[in-house]
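Quantities reported herein were computed from a predicted structural model and do not represent experimental measurements. Chain letters run A, B, ... following the sequence lines, proteins first, then strands; residues in each count from 1.
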Number of protein chains: 2
Amino acid sequence: MSKEAYHHGNLKQELIERGLEFIDQNGVESLSMRKLAILSGVSSAAPYAHFENKEAFLAEVQNYITERFVETLRKTYESCHDRQRVLLELGKSYVLFFDQNPLYYSFLFSHGDIDLNHYPPFQMFQSIASRVMKELHGGKMDEYEIHNKTLAMWAMVHGLAQLYTLPAFRMMEGQNAEQIENILSSVEI
Amino acid sequence: MSKEAYHHGNLKQELIERGLEFIDQNGVESLSMRKLAILSGVSSAAPYAHFENKEAFLAEVQNYITERFVETLRKTYESCHDRQRVLLELGKSYVLFFDQNPLYYSFLFSHGDIDLNHYPPFQMFQSIASRVMKELHGGKMDEYEIHNKTLAMWAMVHGLAQLYTLPAFRMMEGQNAEQIENILSSVEI
DNA sequence: TCCTCAATCTTATCACTGATAAGATTATAT
DNA sequence: ATATAATCTTATCAGTGATAAGATTGAGGA
C-alpha cells in the first residue's frame with residue numbers, strides 16, 4: 001500500500017483532512033461519507049475501502065483531534081515551571097482549546113462511545129494534577145483526598161470548557177484567557 | 001383539538017412518551033420518527049401532523065426531561081434548610097439525576113443547539129448559588145468574585161455529572177451519593 | 001517482460017430515514 | 001346536517017450508510 005496510490009493518490013488522508021475541516025465548520029451532525037467522497041472527487045463507495053464504516057472513520061478523525069489536544073496540553077505543561085501555577089495553566093489551556101475550536105467539543109464528547117476513563121487528555125490531566133498536589137500539599141493529604149480533589153478539578157475544567165463552547169461566552173480574543181483564569185482561580189484547590 | 005382524538009386517541013402525547021422511553025433505553029442516535037410511529041400503531045407520516053419536524057419533536061422531549069430535572073432540583077432546594085449544605089445538596093442532586101438517567105445527559109447537552117445561558121436548570125443553579133454565597137460570605141466578596149465562584153461551581157457540578165454518565169463511575173446504588181459528596185466537598189467554595 | 005495478486009475504485013443496488021403532497025376520514029362547531 | 005379543520009393514510013422523493021460484483025491499476029516475482 002504505497003502513499004502515492006493509484007487513481008486518487010492519498011484518499012484516506014484526504015478524507016480525514018476534509019472530515020476535520022467539515023466538522024470544524026459545520027459540526028458532525030450533517031457530515032456524510034458521500035459528501036466527503038464527492039468533495040474528494042471519488043465515488044460514494046470509495047471511502048469504504050479505507051474505513052470499515054462511518055463510525056470507524058469518525059474514530060480516526062477523533063484521534064487526530066485528540067492528538068492535537070494532548071500536544072497542546074503537553075506544551076503548556078512543559079513550558080511552565082512554576083509549580084504553584086502549573087495546574088492553573090493546564091486548566092486554561094484545556095478550556096482555551098475548545099474555546100478556539102468549539103465544534104470539536106460536541107464532536108468528541110457528544111457521541112457517547114468515548115471511554116473518558118482511558119481518554120489520553122483525561123489521564124494526562126489526572127496524573128499531572130495528582131502529582132502536583134502531592135508535591136504541594138505533601139503529607140497533609142491522604143491519597144483519597146488527593147484523588148477527590150483531582151476529580152473535582154478536572155470536572156471544573158471540563159465543565160468550563162463546555163461553557164466556553166457557547167456563543168455567549170466567547171467574547172473578544174485575548175479577554176477569555178484572563179476571564180478563565182479568574183474563574184478557575186476563584187476556588188481553592 | 002380534543003385530547004381523546006379520533007383514530008388513535010392521543011398520538012402527540014404517546015409519541016413523546018415513547019420517545020422518552022426510547023432515549024432512556026437506546027439513546028437518541030438510533031431514534032427515528034418512523035419507529036416511534038409504528039410503535040404507536042400509526043403510519044410513518046402521522047407524527048408530522050403534530051410536530052413540524054424531528055428537531056421540533058426532540059425539542060419537546062427535551063422540555064419534558066428538563067422539567068423533571070428542574071423539579072428534582074427544586075425539591076432538593078426546598079427540603080434543605082441548612083444554608084451551609086444547600087449548595088452541596090443541590091450539586092449532589094444535579095449529578096445524581098444524570099447518574100440515574102445517563103443517556104439523558106448526552107441527549108440534552110450533546111446536540112449543540114441548546115442555549116445553556118437560558119437553560120432553566122443552569123439559571124436556577126446560578127441564582128441559588130449566588131444568593132447563598134452572598135448570604136454566607138456577605139460583604140467579604142464583591143459581585144465579580146461571587147459570579148466567578150458561581151460559574152466555577154456550576155462547571156464542577158456539570159462536569160462531574162458527565163463523569164458519572166460513564167459506566168466505570170457508576171457503582172452500586174447508594175454509594176455514589178456519598179462519593180459525589182466527598183468529591184464536591186473536597187474543594188472550598 | 002509478463003503475469004499474478006492484492007489494493008483501490010466504480011457502478012448498481014438495498015434498506016432506512018426525514019419529509020412532503022394529495023387525498024381520505026372523522027371530530028367539532030355552527 | 002353541513003361545513004370546516006384536525007388527523008391520519010398512501011404514495012413518493014431525495015439523501016444516507018452499506019454491500020456485492022466487477023473493473024482498473026500498481027507492485028513484486030517468475
For residues 126-133 of chain B, please give each side-chain donor-acceptor pair under 3.5 Å, one per line with the distance, not counting sequence neighbours.
from	atom 1	to	atom 2	distance (Å)
B/S127	OG	B/Q123	O	3.4
B/S127	OG	B/M124	O	3.2
B/S130	OG	B/Q126	O	2.9
B/S130	OG	B/S127	O	3.4
B/R131	NH1	B/Y77	OH	2.9

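- The salt bridge (charged side-chain N to carboxylate O under 4.0 Å, His left out) analysis of residues 135-144 of chain B, with sequence neighbours excluded, yields the pairs B/R83-B/E135, B/K134-B/E143.
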Are there any protein N/O atoms within less than 3.5 Å of an N/O atom in nucleotides 9-11 of chain D, and if so, which ones and at what distance?
from	atom 1	to	atom 2	distance (Å)
D/dT9	OP2	B/S43	N	2.6
D/dT9	OP2	B/S43	OG	2.8

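- A donor-acceptor pair is defined here as one N or O able to donate and one able to accept, closer than 3.5 Å; such a pair exists between the side chain of B/K54 and the backbone of B/L31.
- When heavy atoms are screened at a 4.0 angstrom cut-off, B/K12 is found touching no nucleic acid atom at all.
- Checked by distance alone, A/R34 brings no side-chain donor or acceptor within 3.5 Å of a matching partner on the base of D/dG15.
- Among the nucleotides C/dT17, D/dG17, C/dA19, the one closest to any side-chain atom of B/N53 is C/dA19.
- Applying the 4.0 Å criterion to OP1 and OP2 of D/dT16, one finds that A/K35 has a side-chain N or O inside that range.
- Every residue two or more places apart in sequence or in another chain was checked for a side chain to side chain donor-acceptor pair (under 3.5 Å) with B/Q100, and none qualifies.
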Pair up each side-chain donor or acceptor in residues 147-154 of chain B with any protein partner under 3.5 Å, not counting sequence neighbours, and list the distances.
from	atom 1	to	atom 2	distance (Å)
B/K149	NZ	A/S186	O	2.9
B/T150	OG1	B/I146	O	2.7
B/W154	NE1	B/Y94	OH	3.3

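- Put simply, A/H50 has no side-chain N or O that comes within less than 4.0 Å of OP1 or OP2 on C/dA7.
- Nearest to the side-chain atoms of B/Y48 among the listed nucleotides D/dG17, C/dC9, C/dG18 stands C/dG18.
- For B/H81, there are no side chain to side chain donor-acceptor pair (under 3.5 Å) partners two or more places apart in sequence or in a different chain.
- Of the candidate nucleotides D/dA18, C/dT17, D/dC8, D/dA18 has the atom nearest to the side chain of A/K54.
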